[in-house]
Amino acid sequence: MSSNQVIVLEKVNKWYDDFHVLKDIDLSVTKGEKIVICGPSGSGKSTMIRCINRLEAHQKGKIFVNGTKLTNDLKNIDIIRKDVGMVFQQFNLFPHLSVLDNISLAPIWVKKTAKKEAEELAMAYLEKVKIPEQALKFPGQLSGGQQQRVAIARSLAMNPQIMLFDEPTSALDPEMIKEVLDVMIQLAEEGMTMLVVTHEMGFAKTVADQMIFMDEGKIVEQASPKDFFTNPKSDRTKLFLSQILNH
Amino acid sequence: MLMRLLNVSNFSVAKKWVHKNLFSSWASALITIFCFYIILKIIPAGLDWLLFSADFVYNFRGEQIIDRTFCSKVIEPGQHGACWAIIIVRWNQFMYGFYPVEEIWRVNIVFALTPFALLPLFFDKVIFKKQLIYFTFIFPFIAYYLLYGGPGLTEISTSKWGGLLVTLFLGVTGIIIAFPFSILLALGRRSKMPVIKSVSVIFIECIRGVPLITILFFGNIMLPLFLPDGVNVDNLLRGLVAMTFFAAAYMAEAIRGGLQAIPNGQLEAARALGLSYWQSTIQIVLPQALRISIPAIVNSAIGVLKDTSLVLIVGLFDLLGIGRAALADMNWMKLSHEVYAFVAIIFFILCFSMSRYSLYLEKKLKTDNSI
C-alpha cells in the first residue's frame, strides 16, 4: 500500500440481515483523487461510502483510511472521522442551531477551538460557499441549495482531508443544483480528495478522475470519465448510461 | 372567547360575532341559551357560597369562630355560606403540618427562596442568571439545613412535616430529581448495549405496570426488609424515592417519544463530524427531543404533583392528608366541603401554573427559531 493511497478497500462485504449489499468491493483512492460513483438505487453505492467513515459497519474485508484500519475500536473511528467529512442527501443540518452554530459546533466540541475563533472560522467557510449573510438564520429559513452549502461549510470547518458526498443534489430543486455543484467544483480544483455519489453526469465529466459504476453490490466498471462515457465495457453500464443520458 | 369579545369594540361587529358564533343555527342557539342558564345558575350560587355568605374569622353574629359550633351554617340552618374558619384556624397545619410553631419561620424562608432557585431552571432571560444558578445548586443544602435542622438549629423530624410543605417537597423535589434520571432511562431504552437497554426497559415497565399506591407500599413496608438491621430510612424519604421512581418512569416514556421523532440523519451528521455519542446526544439530539416532548413531560409532571396526595396512605400528611386529619377532629368535623374545596383550589393553582408554563415554553421555542 503506497503512502499516497488515502482510502483502501479490500474485499469488503456487508450484509443487512440476509441481504448481501456489498460484495467483495476493492477500491483504492489516492490523495487528491476525485471519484464519482453512480449506479441504480439499491446498488450499494451509498452504503459503500458510508462504510468509509463507519456510519455503517462492514462485516468482511478491510478498510484503511489514511493508513488507519477501521475496526470496532472507537479510537480508530474517531481518528478517521476527524479526517473524513461527509455531506448528506437530506443536508442533516441541526434545525435548533443557527447557521453559524451549525458550523462552529464541531470545531468547538471536537477540536476544542475557542468559541470566538470557531465563529471566525465558520464565517470564513460561509464566505467560501458564498452565503455569509445567512450566518444568523436558522436552517429552516434557507432554501435547499443554501442548506446544502451550509452543510458543506460545516464539514469543511473540521478541515478534513477527504470529503464524501452522498447524493448531495438529489433532494434539491433543479435551479439550486448548480450553486451546490459550483461549490463542489471549486473544492475539487483546490485539490480535495472526493468521493461523490451522484447522477450529475456533467459534474462527473468536469471533475472526476475515475468513474465507478455499481450494480447489485458490486463494482461493475471503473474507468476514466473519457472511457466510461464513450466506451463503456459492460452492457449493464451501457444500459444505465443510455437511461440517464437520454431521458 | 372573552378576549375576542373584548377586542370587539364596535357594537355592530359584536352583534355579528354573537350571531355567527352563538346563534348561527337553532341547535347552536339552544345550546347557547342552555349554557348561559347553567352559568347564571352556578356562578352566583358558587360565589355566594365561596365568598358573600361565607364565614371567615367571625360568624354572622360577629362572634369569633373557634370550632364548628360557631359556624353560621351550624347555628342557623338558613345560613348556607362556607365556613372558612376551619382553614384559617388550622392554617399552620395546612401549610406546615405539625412543624413546631416557633420554628415555622424556617419553612417560610425556604418557601420564599424556592422561586429564586427555580427561576434559572425555568426561564431563559433572568437577571443575575449566573449568580442564581450557583444559588440553585446550593439551595437543596440550604433547604435541607433549614427544614431538617443541624448545627445551631433544632432538628425537626420529618414525621412532623406536613401539609403544603410535604406536597411541594415531594412534588417539586421528586420531579426535579426524576428529570435527569428519566433522560438517562429514555436514552438507555434506546441504547444498543443489551445490559443498559434491558435494565432501562425492566425499570420503566415495572414501575409503569404497577399503580403508584403499590410502589408507595413497597417503599414503605418492603424496602426496610431488604435493608440491613439498624438502617432506618426516613418515612418521608421512602415516599420521595417512590415518587421519584414513578415520575422518572413516566417522564422517560415522554422523552422517548421525543427521541423517536428525531431523524436518524441528525445523529449521523453529528457522528460524521466527529462528535462523540454524549456530545451528539447533549448538543444535537436532546435539545430537539426535549422540545418535542415538553407537553408530554409537563403532563406527567402535573400527574405526579397530583399523585403526591396518595402518600397519605403510607402515613404521610400532605395537603390532602392534613385536610382529612382536620375533618377527623371532633371540633371541625362535617366541614368537608370547605376542606376539599380549599385543597382543590391549591392544587388547581399549582397545576394550572404548570400547564401555563408549558404553553409559554412551547410558544417561546416556536418563536426562537422557525423549524
Do A:Arg54 and B:Arg271 make a side-chain contact, defined as non-hydrogen atoms from C-beta onward lying under 4.5 Å apart? no

Name the member of A:Arg50, A:Lys137, A:Met86 that forms the most heavy-atom pairs with chain B at distances under 4.5 Å. A:Arg50

Enumerate by number any residue of residues 142-161 of chain A whose heavy atoms lie under 4.5 Å from heavy atoms of chain B; in the absence of such residues, state 'none'. A:Arg154, A:Ser155, A:Met158

Let me know if B:Glu268 has heavy atoms under 4.5 Å from chain A in its side chain, its backbone, both or neither. both

Atom CZ of B:Phe128 with >12 non-hydrogen neighbours under 6.0 angstrom: no

A quick test of your reading: do over 12 heavy atoms of other residues, nucleotides or ligands sit less than 6.0 Å from NZ of A:Lys130? yes

Side-chain (A:Asn53) to main-chain (B:Ala272) donor-acceptor, under 3.5 angstrom: no

Crowded around B:Phe122 CZ? As in, over 12 foreign heavy atoms under 6.0 Å? yes

Chain B contacts: which residues in residues 33-43 of chain A have a non-hydrogen atom closer than 4.5 Å to it? none

Which of residues 98-122 of chain A have a heavy atom under 4.5 Å from any heavy atom of chain B? A:Leu105, A:Ala106, A:Trp109, A:Val110, A:Lys112

Provide the closest heavy-atom pair for A:Phe88 versus B:Ala269 in the form atom of the first, atom of the second, distance. CE1-CA, 3.6 Å

By residue number, those in residues 71-84 of chain A with heavy atoms under 4.5 Å from heavy atoms of chain B are A:Arg81, A:Val84

Just by distance, do the side chain of A:His96 and the backbone of B:Val285 share a donor-acceptor pair under 3.5 Å? no

Determine whether more than 12 heavy atoms belonging to other residues, nucleotides or ligands lie under 6.0 Å from atom CZ of B:Phe111. yes

Should the heavy atoms of other residues, nucleotides or ligands under 6.0 Å from OH of A:Tyr16 be counted, would the total exceed 12? yes

Are there more than 12 heavy atoms of other residues, nucleotides or ligands under 6.0 Å from atom CD1 of B:Ile127? no

Contact check, side chains of B:Gln266 and A:Pro95, non-hydrogen atoms, under 4.5 Å: yes

